[in-house]
Novice: 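Below is the structure I would like to discuss, written out as structure tokens.
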Amino acid sequence: MDKKSKRTSEVAAILKEFDEKTKLGDIRKLAKVYKKDHELAMELWSTKEYFPRLLAILIMDKKALDQAFLNQLDKDMQIHSYNERNNLMDWLMANQLMKDKKTIALMKSWENSLSSMQRRTYWYYQARLRWTGQTPPDNTEDLLSVIERSILQEEPEVKWAMNFTAAWIGVYEEKYRARCINIGEKTGLYKDEVVAKGCTPDYLPEFIAIEVKKRQTK
């Protein structure tokens, strides 16, 4: 069997691992088997299927993640549903982009990207810096000014990430808490959202109150 045929057979075998019961933990286990393999990652990505693309993200070579390559991944994700493409980008951020100074620098440059997915990643990264309990960077004032000015004009996926950033600023940076609550009250975003029991609503006044209380009772 030549190399190309062997690779095709390998991809076919991997695809059989996925079904409607597949969990993210199952994909991580597969990634440990195949380790870093950029060629295989690209074969899996080319299937255009959701679970194979999640696996592809885990095993692709971070050295390949320059702006041009990420733009192509972004473009490819547009075939997926709203939730799937957001999940793919979040998975890429958590498992690749946050692991290297070069790609962190790229994320920091995406605030005004033409791509709504990249803008969303910029804001989600800012939120993540705060919800993980790290000392927040000194850009909070600038972030809130942008949120107050433009959140309502943004695409839905970016709007959510901007709101999420304001939520965690309100939780961890007390001097900005009232301002973040006011953003929620003025915009009314997610006020009527129904969430599952035990989940924190995205409406800023409720989100901040719930998450602050959790931390006070620990």
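When reading the values below, keep in mind they use all heavy atoms of this one structure, side chains included, and skip hydrogens, waters and symmetry mates. Keep in mind that this is a model prediction, so the values were computed, not measured.
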Novice: Can you measure from CD (Q118) to CD (Q67) and round to the nearest 0.5 angstrom?
Specialist: 5.0 Å
Novice: Under a 3.5 Å distance rule, please check whether D26 uses its side chain to pair with a backbone N or O of K23 as donor and acceptor.
Specialist: yes
Novice: Applying the 4.5 Å side-chain criterion to the ILVMFWY set and letting contacts propagate, would I169 and I210 be lumped into a single cluster?
Specialist: no
Novice: Do V195 and V212 land in one hydrophobic cluster if side-chain heavy atoms of ILVMFWY residues count as linked below 4.5 Å?
Specialist: no
Novice: Output yes when E111 and R119 qualify as a salt bridge under the 4.0 Å nitrogen-oxygen rule, no when they do not.
Specialist: no
Novice: Hey, do the aromatic rings of W160 and Y124 have their centres closer than 6.0 Å?
Specialist: yes
Novice: Once you round to the nearest 0.5 Å, how far does CG of L92 lie from CZ of R53?
Specialist: 12.0 Å
Novice: Indicate yes or no for a side-chain donor-acceptor contact from N139 to the backbone of D142 under 3.5 Å, with no hydrogens or angles considered.
Specialist: no
Novice: In Å and rounded to the nearest 0.5 Å, what is the NZ to CG distance from K186 to L152?
Specialist: 9.5 Å
Novice: So, K191 and E206, do they make that salt bridge, N to O below 4.0 Å?
Specialist: no
Novice: Quick check on E174: does its CD atom have over 12 non-hydrogen neighbours (other residues, nucleotides or ligands) under 6.0 Å away?
Specialist: no
Novice: Is a side-chain donor or acceptor of R85 paired with a backbone partner of Q78 at a separation under 3.5 angstrom?
Specialist: no
Novice: Taking all non-hydrogen atoms of both residues, which atom of A41 and which atom of I59 are closest, and how far apart?
Specialist: CB-CG1, 3.7 Å
Novice: Under a 4.0 Å threshold between the charged nitrogen and the carboxylate oxygen, would D90 count as salt-bridged to R120?
Specialist: yes
Novice: Can a donor-acceptor pair be found between the side chains of Q96 and D100 at a distance below 3.5 Å?
Specialist: no
Novice: Report the distance from atom OG of S115 to atom NZ of K75, rounding to the nearest 0.5 Å.
Specialist: 12.5 Å
Novice: Please report the shortest heavy-atom distance between L129 and P137, naming the atom on each side.
Specialist: CD1-CG, 3.9 Å
Novice: Ignoring hydrogens and geometry beyond distance, is a side-chain donor-acceptor pair present between N182 and E148 at under 3.5 Å?
Specialist: no
Novice: Applying side chain to side chain donor-acceptor pair (under 3.5 Å) between T140 and each of Q126, E173, R179, report the one that passes.
Specialist: E173
Novice: Any idea which heavy atoms bring A166 and C180 closest together, and the distance?
Specialist: O-SG, 3.3 Å
Novice: Against L44, only a single residue in L55, D37, L54 fulfils side-chain contact (heavy atoms from CB on, under 4.5 Å); can you say which?
Specialist: L55
Novice: Within the 3.5 Å criterion, strictly below it, is a donor on T200 or E211 matched to an acceptor on the partner's side chain?
Specialist: yes
Novice: Report yes or no: do S116 and E155 form a side-chain donor-acceptor pair below 3.5 Å?
Specialist: no
Novice: Working to the nearest 0.5 angstrom, can you tell me the gap between N86 CG and H80 NE2?
Specialist: 12.0 Å
Novice: Is K175 salt-bridged to E141, going by a charged N under 4.0 Å from an acidic O?
Specialist: no
Novice: Tell me which one of F207, Y172, F164 satisfies ring-ring contact (aromatic ring centres under 6.0 Å, His included) with W131.
Specialist: F164
Novice: Nearest 0.5 angstrom please: K63 NZ to T103 OG1, how far?
Specialist: 13.5 Å
Novice: Just so I know, are the side chains of P156 and Y82 near enough to count as touching, which here means a heavy-atom distance under 4.5 Å?
Specialist: yes
Novice: Tell me yes or no: between the side chains of W123 and E154, is some donor less than 3.5 Å from an acceptor?
Specialist: no
Novice: Answer yes or no: are there more than 12 heavy-atom neighbours, outside D138 itself, under 6.0 Å from its atom CG?
Specialist: no
Novice: Counting only heavy atoms not in I79 (residues, nucleotides, ligands), do more than 12 fall under 6.0 Å from its CD1?
Specialist: yes
Novice: Can a donor-acceptor pair be found between the side chains of N163 and Y203 at a distance below 3.5 Å?
Specialist: no
Novice: Near K29 NZ, under 6.0 Å, is it more than 12 heavy atoms from other residues, nucleotides or ligands?
Specialist: no
Novice: Following the transitive rule for hydrophobic clusters with a side-chain heavy-atom cut-off under 4.5 Å over Ile, Leu, Val, Met, Phe, Trp and Tyr, establish whether L30 and L24 coincide in one cluster.
Specialist: yes
